[in-house]
Structures are given as structure tokens and as C-alpha cells.
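Structure, as C-alpha cells:
Count residues from 1 along the sequence. Excluded from the calculations below are hydrogen atoms, water molecules and symmetry mates; all remaining heavy atoms, backbone and side chain alike, are included.
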Amino acid sequence: MAFVHLHNHSEYSLLDGASKIKNMVEKAKNSGMEAIALTDHGNMFGALEFYKTAKANGIKPILGFEGYISPTTLDDKQTKGNYHITLLAKNKKGYENLMYLCSMGFLKGFYYKPRIDKNLLREHSEGIIAGSACLHGEIQRKLLDNDFEGAKKAVQEYREIFGKDNFFLEIMRHGLEDQERIDKEIIRLGLETDTPIVATNDCHYLNKEDAIAQDALLCVQTNKHLDDEDRMRMGSNEFYFKTEEEMLELFKDNPEFVYNSKTIADMCNVELELGKLAPPHYQTPDGSDEKEFLRKLAYKGLERRTQGFDKDKKELYRKRLEHELAIIEQMGFSGYFLIVWDFVNYAKRNGIPVGPGRGSAAGSLVSYSIGITDIDPIKYNLLFERFLNPERVTMPDIDVDFCAERRDEVIHYVREKYGEYNVAWLTSFYSMYPKHVVSSVSKVLNFSEKERKEILEMVPPMQYSLSEVIEKNPSLKEKIKEDDKMSMLFDISKKLEKIKFSPAIHSAGLTISTINPLYESCPLYKVPDKEVVAIQYDKKFIDDLGLPKFYFLSLKTLTIINIAVKLIGNGFDISNIPFDDEETYKLLQRGDTLGVFQLESSGMQRLITELKPTTFEDLIALIALYRPGPLESGMVQDFIDRKHGKKPIEYPLPELEEILKDTYGIILYQEQVMQIASKLAGYSLGEADILRRAMGKKKKEIMDEQRGIFIERATKRGIPKDKAEYIFDLMAKFAEYGFNKSHSAAYAYIAYQTAYLKAHYREQFERAKKVVD
């Protein structure tokens, strides 16, 4: 292969590039190319997705971006305009410098665009190959201004910044008049400055026929119509992903320019170490080892939590705590727990209401002991291994609910403690799904509002692709066939379907680096006009980076509870209410649950009056039951009938009574699936969690393998084969509906608190609701 595309814009050149990364890599592979670069405008949003996709397809990924250079300095927020420059990473150091430069463009240099300057380039040029970019590059701009000497001086400056072997002049031929004007001047510059020239194609879409779709995308960006004369446009339909043969034909006068792309590609060799866990560390207040510090905290907290317990019960809790600590220490996650403990402790010290727990973390006795959660996992039979186990080697994920009004104080504390560039929000990306893309393109094609409304009524929001939408709607299909403008609308829309158009900062998710700035692990960006720093990569790649996730959730109910408690006064303590209060259960049984957390919908009110909960376990079950799967399966009615004696409580095996008695013989929780696998087939709880996940995702190959393992192990432990097969299939069926009991218990806890307030302090509770609403 003699040619490599070194100048490519994907969909992450938002509302400009019309190539999806997967399709771009496939096109390179199908064209026989061995390598490909990604150079999105001003950002590295797609770099990690690109790297992984290229590697998976046997293509060498060349990481880069097309930077915007300030004509003056980074601090100048008066001078408009910028120059483009192509930056590619040669090695790991180059990749690190690219991340820094790309981050600083957003964090310090943003002015209309995320800009860098030459001073920054000088400081962070190691390991980078640079190119003169497109017609917006400094050298090309000077040539267009007939300033050959100025262009020559710029070439010499870039060669000095990057090193003479690491800067090249890009030459492009897209049939544009301005390109043709300076074509010979670029060649002359190369000869006079001894600078290599490389043929690049400023790819913005994959196929020549996609030009109109990319043109429409530009119109979406600029809020213009396709037939507007005075608008931004590419100027030709040559900005597509050309083959080597096409490039050699285009540069048949100087084929060495094409060959130089392969030379540059051979110089770029970045290998990223992905998926390696890098647990965060916590600087303890007394300078002690973080493992020992967590141990002391946990045992001290356990002593407080188990006051009044008898000796045997205390020993049970001690063994569970030791078991959890051993796993946490083995996996290197002591620091993670301490970071969460620290900001939860800050909130509590400062009177900021904190939730009792959320998600699988509520199954941890360590979390309960150190005050991260307030749910006793042993009392409610919650499993630590649903949260963390050695067989499932991923970073723990603790979600914490905070008072809606004061959550930001906790986030501010974390940013102040660890540093502005050590804390960043997680990012995802909005995509143009069917209704959105048709709406956008219909505007671009200047359909009337009436026409647009009629068309959009025929397009459901998300559940189908546009091809499926058309196939399922004969009337729409006929209109597209008969009307050229309609045909054009849907042709363009299908090309742009699911194209990403904007980053979306997660509402609650943050990552924290306690030692090095995050831009050493991933590029950062700042939302214009907001003091919000976020990572550029999609949050789904966080595990690849080995970065921890922390979720600071805002829960309005905590604010309501806090206000109600203050209104009640007299030293009332919501954390010490009895969980067997008769008045509270009467309120629940009659469905008087308007305003009661998780229990106020009309559907839930009907369910709760039928179930008539009498225990806290019933509340936990309620939250797990009120979901489409269980409701549609018939298991909810079965649960109710069994509770009230209308049906007998039956267990698949007598051995399972202990596991299923609280749910009347029905498998309701994910934790029960794990416990059954452990009890009948001797699975460790870590192995059982892997089985539970496989069942939930219905992966046939894994399921078939696990079925054989389960039956073999169960029969060896004395379970008849037919019973073992029946139990496995039963588990697999209910795993589809199974809910995380730890999460259900934590939310049942808040539900009960609000029900208690309504039952005993209705006036104060209603006043608190009005204040918050």
C-alpha cells in the first residue's frame, strides 16, 4: 500500500464531518489500506473509539486532530480568526502532548474555537508530526495573499518548532480554484525550504455521492437552507475517502507526494494500554497507609453500628466485614472507598442531606460501616459480590444521592480538594435519531411548516431505523416514490441517521484523579461560557482508561425530608424511626401515597392497595415488582396471591426456602439468582454474579456453556439432573426480570421515611413538598 489517508474528519467534527468511525475504518480495510489517521476539528472526541475500532479491524490507527492556532497568543480574546494545523502522534509522548494541546485549546484558549498557539506548540511538540493542513492553514493563507516570503518564513518556523523531519507541507486537489492557484507555490516552497510534501485529501464523507448529505449537515450547523446562495459550503464534491488509485491519478505528476503519506504513517506508532485498572489513591489525614486507614474506619464504624448485638451476631458481622475488606484490598480499591467516604463525610459534617444508598453499593458492609450507606446488608440479605468481586475485575461504581439544593457544594468541595483539572464530568454524545434527523433535513430542504408537521407525524421517535419506518408505512413509501423532494429528504436523512451532533455532559457522573491531572489520561474540554470541565471521550470508554466513576446524584426527596424534619423540630431524628410502624403501613395499604417516594404513581397506588405491605421486605419487593417485565409476566399477581394465601407458597426445591421465603417462593432479585447458583451448584458468589449477568444479557453461547457447568456441579452435589435443568431454566427466565435488591432496599428506605412523615407529620411533610415544588 502506497497511500494512507492522514487528514480525516469523522462525525466527531460535529455537524461538519459525515463519516461514522466504524464505516470509515471499514472503507479503509476494504480498500486494502494498512493505516488511517483521524484528525477531527479542534477535538479528540472520537480518538479512543477510532483507536479501538481500527485495532479490531487490523488497521493501524494514527491519532491526531486538526488544531486551530491563534494568530497571536492563547490569551488574546480580541483577535478573531485562526490558522489550521494537522497534528499527528508519532509515539506515546506525542499522544500525551496531543491530549495536553487539545485540552488547553478548550480550557485556556477557547475563543469561538478551541485554540492553541505557537508558544504552546514549542513546549509540547515532542513526538508530534505536523502538517500545514488545508486552505485555512497559515502557509496556504499567506500564499493566497501572494506573500510567498511570509509563507516561507512560516514553514521555517514550523520546522524549528517540530524538527525538520517532523513537519510536512500538505497539498490537496479538490478541484477548488484557490487550491489550483497555490499548487505550484506549495511545490516551490517544498523545494526552497527542503520540506517534504505529502498529498492529503480533506475527507469529510466516505463516498462521492455523500457530498450532498455533508452539505446538508453544514446547513444544519449554520441554520441555512440548501438553496441559500450566501452560505458556507465545501465548494466541490471531492472531499470523499479516495482510493490509492484515485490519489495516484490525481497526483500523477508527482506520485512521490502520495508515497510520502506511507512514509509518515510508518513513523506513527502509538500503542495504548487499555483496560488496565488504575485505582485512585487517597491521601489519609494522618499520613497512614490507605488500607490500614480504611480498616480502622470500618471497624470503628462497625462497633457503632452493632451496639447492642450479642456476641455471636457481632462475630457474624465481623467476619463479613473482614471478607469484604480482604477483597477490597486485594483489588486495590481502598482509596476509592476513602474518596467516597471523604466527600460523603464532608456533606454530613456540613448538614447536607445524603441518601441511604443507591445501586449495588448498598450491599456492602464496609460502605454501611463507614457511613457511605445506611442500609444494613446482612439484615436485608444483600450481597457484597453483586457490587464487587475478584472474578469481575472492574472499577467499583458507587452512586450517592444528595439534597437537590446543595449537591453542587459537595462537587465544589471535591474540585477544590483535588484540583480543577483532576475532576471532570463524564461525557456522552447526542445523535440524530430518525425524527430528529428528518426534522433537521426537512428544514434544510425548506419544506413548509405544514409539510414538516405532516412528515414528522409519520416518523416515530427512536424505536425504528428510517428504513424500517419507510417499510412499515406504505403511504410514506409511496410519497417518497412519487415526490423527488421527499425522496431527497429521506435519502439524505438515511445517510445522516445516528450521526453525532453534540457532546452531552452527564448530569451526575464525574471522574477523579487524585494524583495527576486528567489530561495525562484523556483530553478534556470545557463547555463554552460555563466553568464545567469534562472528558472528551465518551463515558463508555472510562473502563478502557482505568479511570474511576463517581455519581453525585441530585434527589429532591432528600430536600423535602430535610425541610420536614426542620419544621417538626423537637429533636426529631428521621434516622431513628421504627420500621414496623403500624400507622405507616396502614397509610401504605390504603394507597395514600401521593408524595411518597417511588410509590406515588397511579399504577403503583393500585399495586400497593392490592399487595397491602406489612413488612419492610414487602416495600423492597414492591419497588422491584413495579416494572414492565414483572408486570407483563404475571409474576406480580402470583406474588400478591401467594402473600395473601390465595395460592400456596411453593419452592422449586426445599433447599431454596431460605433464599426465597421473603418473596413467597418467587425469584425476584438478581441476588437470589446468585444465591441459588451458590447453594445448589457451589458457585462462588463472584462466579454466580458472572452467571447472573450472562442470564440478564441472554448471550446464548455463554448461557449454553454455563448451563452445562451448572448442571454438572449441581448433580455432583446430589441434585437430580432433571431438577438441576429445571432450576437453571427457571433462573434464566427470572433473570430477565430480576432487579438489584440492594438498590430496591435503599429506595424502599427513603419510601418508608416519606410514608412515615406523611403518616405522623402530614402538615409538615406537605409544607416541605410545597417549598421544594
Counterpart residues, side-chain contact (heavy atoms from CB on, under 4.5 Å), relative to K90 (two or more places apart): I129, N166, M267
Side chains of F384 and I328 in contact at under 4.5 Å (non-hydrogen atoms): yes
From CA spacing to verdict: side-chain contact (heavy atoms from CB on, under 4.5 Å), I327, N389: CA-CA 7 Å; I327 292 174; N389 64 74; 5.6 Å; no
D75 vs K108, salt bridge (charged side-chain N to carboxylate O under 4.0 Å, His left out): CA-CA, chis, key distance, verdict: CA-CA 8 Å; D75 300 326; K108 292 188 176 178; over 6 Å; no
Donor-acceptor pair between E123 and N97 side chains, under 3.5 angstrom: no
ring-ring contact (aromatic ring centres under 6.0 Å, His included) partner of F343, chosen from Y551, F552, Y413: F552
Check: F429 ring centre within less than 6.0 Å of F45 ring centre: yes
Note, I750 side chain near I561 side chain (heavy atom, < 4.5 Å): yes
Check: Y752 ring centroid to F597 ring centroid under 6.0 Å: no
Verdict with reasoning, Y669 to F739, per ring-ring contact (aromatic ring centres under 6.0 Å, His included): CA-CA 5 Å; Y669 305 120; F739 196 64; 8.1 Å; no
Side chain to side chain donor-acceptor pair (under 3.5 Å) pairs, two or more places apart, involving residues 508-519: none
Heavy-atom side-chain contact between L277 and F333 under 4.5 Å: yes
Q536 side chain vs L524 backbone, donor-acceptor pair below 3.5 Å: yes
Polar side chain donor-acceptor pair, Y537 to D544, under 3.5 angstrom: no
Pair Q672, T663: side-chain N/O donor-acceptor within cut-off below 3.5 Å: yes
Minimum heavy-atom distance L98-G64, with the two atoms named: CD1-CA, 3.6 Å
Stepwise salt bridge (charged side-chain N to carboxylate O under 4.0 Å, His left out) check, K22 with E49: CA-CA 9 Å; K22 180 184 175 184; E49 179 185 341; over 6 Å; no
F550 ring center within less than 6.0 Å of Y336 ring center: yes
Worked check of salt bridge (charged side-chain N to carboxylate O under 4.0 Å, His left out) between K291 and E329: CA-CA 7 Å; K291 291 180 184 177; E329 290 170 3; 5.8 Å; no
Nearest heavy-atom neighbours spanning M674 and L685: CE-O, 3.5 Å
Aromatic ring proximity Y12/F50, centre distance under 6.0 Å: no
side-chain contact (heavy atoms from CB on, under 4.5 Å) assessment of K679 paired with Q675: CA-CA 6 Å; K679 188 171 186 69; Q675 288 169 313; over 6 Å; no
Test of ring centre spacing under 6.0 Å for F293 and W341: yes
Stepwise salt bridge (charged side-chain N to carboxylate O under 4.0 Å, His left out) test for E322 and K319: CA-CA 5 Å; E322 190 56 45; K319 283 183 177 178; over 6 Å; no
side-chain hydrogen bond (donor to acceptor under 3.5 Å, both in side chains) involving Q670 - partner list, sequence neighbours excluded: R386
Exercise: identify the closest heavy-atom pair between L87 and I128: CD2-CG2, 4.0 Å
T373 versus A361, closest heavy-atom pair with distance: CG2-O, 4.0 Å
S742 side chain reached by F387 side chain, heavy atoms, under 4.5 Å: no
Between N381 and K741: side-chain donor-acceptor atoms closer than 3.5 Å: no
In a table with atom names and distances, give each donor-acceptor pair under 3.5 Å that connects a side chain of residues 351-360 to protein atoms at least two apart or in another chain.
residue, atom, partner, partner atom, Å
R358, NE, D401, OD1, 3.1
R358, NE, D401, OD2, 3.3
R358, NE, Y747, OH, 3.1
R358, NH2, D401, OD1, 3.2
R358, NH2, Y747, OH, 2.4

Where S103 and P523 come nearest, the two heavy atoms and their spacing: OG-CA, 3.4 Å
Shortest non-hydrogen contact between G42 and F106, atoms and distance: O-CE1, 3.3 Å
Side-chain donor-acceptor pair present, D374, Y368, cut-off under 3.5 Å: no
Derivation and outcome, side-chain contact (heavy atoms from CB on, under 4.5 Å), residues L272 and K92: CA-CA 8 Å; L272 302 182; K92 186 180 178 184; 5.9 Å; no
Residues that R693 engages under side-chain contact (heavy atoms from CB on, under 4.5 Å), provided they are two or more places apart: R392, D689, K697
Check: I577 and Y756 side chains under 4.5 Å, non-hydrogen atoms: yes
Residue pair D40 / S10, side-chain donor-acceptor N/O under 3.5 Å: yes
Six-ring centre of F110, R115 cation under 6.0 angstrom, axis tolerance 45°: no
D376-Y317 side chain donor-acceptor pair, cut-off 3.5 Å: yes
Student check: side-chain heavy atoms of Y525 and I535 closer than 4.5 Å: no
Partner residues of K539 under the side-chain hydrogen bond (donor to acceptor under 3.5 Å, both in side chains) criterion, sequence neighbours left out: none
Chi angles and distances behind the ring-ring contact (aromatic ring centres under 6.0 Å, His included) call for F616, Y380: CA-CA 9 Å; F616 186 64; Y380 298 111; 5.1 Å; yes
Side chain proximity check, E520 to M99, heavy atoms < 4.5 angstrom: no
Test item: L382 and I375 side chains (from C-beta on) under 4.5 Å apart, heavy atoms: yes
